[in-house]
Amino acid sequence: MISPRDQHNAECTQAQFERHCAALDAGTRQALRARRRALLASPSSSAQGAWRRLLPAGAMATMMAIAGALWLAPPPVQTPPATYPVSTQAALAMAEESAQTLDDDPDFYLWLASEPIADSGFDAAPQFDKERTL
Amino acid sequence: MLDAAPAAVAARSLDEFFAQTEVRAFCLANVALGDREEALDCVQDAMERMLGYRDRPASEWTPLFWSILRRRLTDRYRRRAVQQRLLGWLVRPANDQDDAADGLDAVPDSAPDPMQRLDDERAMTRLSHALRHLPTRQREAFLLRVLQGLDVASTAQAMGCGDGSVKTHLSRAMATLRTQLEDWR
C-alpha cells in the first residue's frame with residue numbers, strides 16, 4: 001500500500017514528467033518523426049530488421065552446432081578388409097593342398113603305414129673313418 | 001490515486017499511434033537510460049518491433065507497445081551491465097551523472113517559464129540517476145505506473161506479472177526512492 005506521502009511524491013513526479021514531455025526540444029521531436037517515417041516507409045522493414053538481428057545469432061549457432069557435431073562424432077571406424085588375413089588364407093591353402101595330396105596318392109600312405117619303422121641310426125653316434133676323412 | 005496518462009484519441013493506424021506515443025516513449029526511455037541517443041534507438045527498436053503486430057486490434061496496441069519498450073529497456077540495461085563488467089576500463093559508462101547534472105543542454109531556449117523548466121529538468125535528472133540504481137522490476141513498475149500512468153492491470157499486462165506483484169514492486173521502489181531523493185523525504 002502506498003502511503004499518502006509517497007502518493008504525493010508520485011503525483012509531483014508525474015506532473016514533472018508531463019511538463020518534461022511537453023517541453024521536449026524541437027530537434028528531438030524532429031529526430032523521432034524522421035525515424036518513424038523512415039520506419040513506416042519500408043513495409044517489410046520489420047521482417048528485414050528481424051532477419052538482420054537474427055543473422056549473427058544464427059551464424060554463431062550454426063558454427064557451434066558444427067563444432068559440437070565434430071567434437072561428439074565417433075572416431076572413424078576402419079572397415080575390415082574384404083579378404084581374409086594372410087595367415088588364414090595360408091592355413092586354408094595348406095589344408096586344401098594336404099587334402100589334395102591325400103586324394104591324389106592314397107596308395108603311398110597305405111604303403112607307408114604298412115612298413116615297419118626302420119631304425120634311423122640316430123641313436124648311435126656316427127663312426128668316422130679317420131684315415132678316409134683326412 | 002495516480003492519474004492515468006492523458007487520454008489520446010484512439011489511433012486508427014499504427015502511424016497515428018506512434019505519432020501520439022513517441023514523445024512520451026522517448027521521455028520515459030530517456031529518464032530510464034539517461035542517454036538521448038540510446039533512448040532514440042530504443043524507441044525506434046520498439047516501433048520496429050511493433051510493426052509486426054500491426055494486424056492486432058488497436059485496443060491492444062497500448063499495452064503491447066509499452067511491454068515491448070520495457071523489454072528493450074531491459075535489454076539495454078543488460079548490455080550496459082555486460083559492457084561495464086567486461087570492458088569497464090575501455091568503454092566509458094554512457095552519460096555519467098556529471099554530464100547532465102544541470103540539464104541545461106536540454107532546456108529549449110524559447111521556454112515560457114525557464115526556471116520551472118530548469119527545475120523539472122534537474123528533478124528528472126536526479127530521478128533518472130536514482131532509477132538506474134533500482135532493481136529492474138521495481139524500476140519497470142515505477143516507469144509504467146507512475147511516469148507513463150498506466151493503471152495496475154495494464155502495468156501488470158505490460159510487465160507480464162500479476163496485479164499484486166505490481167503493487168509490491170511499486171511500493172518497494174517508492175521506499176527506495178524516498179531514501180535516495182531529497183525531494184521525496
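A quick note: this is a predicted structure, and the numbers were derived from the prediction, not measured. Chain A is the first sequence line, chain B the second, and so forth, proteins listed ahead of strands; every chain is numbered from 1.
In this structure the side chain of B:Arg24 reaches within 4.5 angstrom of the side chain of A:Phe17, judged on heavy atoms. At a threshold of 4.5 Å between non-hydrogen side-chain atoms, the residues A:Arg35 and B:Asp41 count as touching. At least one side-chain heavy atom of A:Asp6 sits less than 4.5 Å from a side-chain heavy atom of B:Arg178.
Annotation: the span from B:Asp120 atom CG to A:His20 atom NE2 amounts to 9.0 Å, rounded to 0.5 Å. Once rounded to the nearest 0.5 Å, the distance linking CE of B:Met174 with OG1 of A:Thr13 reads 7.5 Å.
Of all heavy-atom pairs spanning B:Val146 and A:Ala10, the tightest one is CG1-O, 3.7 Å. Residue A:Thr28 comes nearest to B:Arg36 through the heavy atom pair OG1-NE, 3.1 Å, listed as atom of the first residue, atom of the second, then distance.
Heavy atoms of B:Ala19 lying under 4.5 Å from chain A belong to its backbone as well as its side chain. Heavy-atom distances place both the backbone and the side chain of B:Met47 under 4.5 Å from chain A.
Options B:Val23, B:Leu28, B:Val43 differ in how many heavy-atom pairs under 4.5 Å they form with chain A, and the most are formed by B:Val23. Considering only heavy-atom pairs separated by less than 4.5 Å from chain B, the leading option among A:Arg29, A:Arg33, A:Arg36, A:Arg37 is A:Arg36.
Enclosure of atom CZ in A:Arg19 by more than 12 non-hydrogen atoms of other residues, nucleotides or ligands within 6.0 angstrom is indicated.
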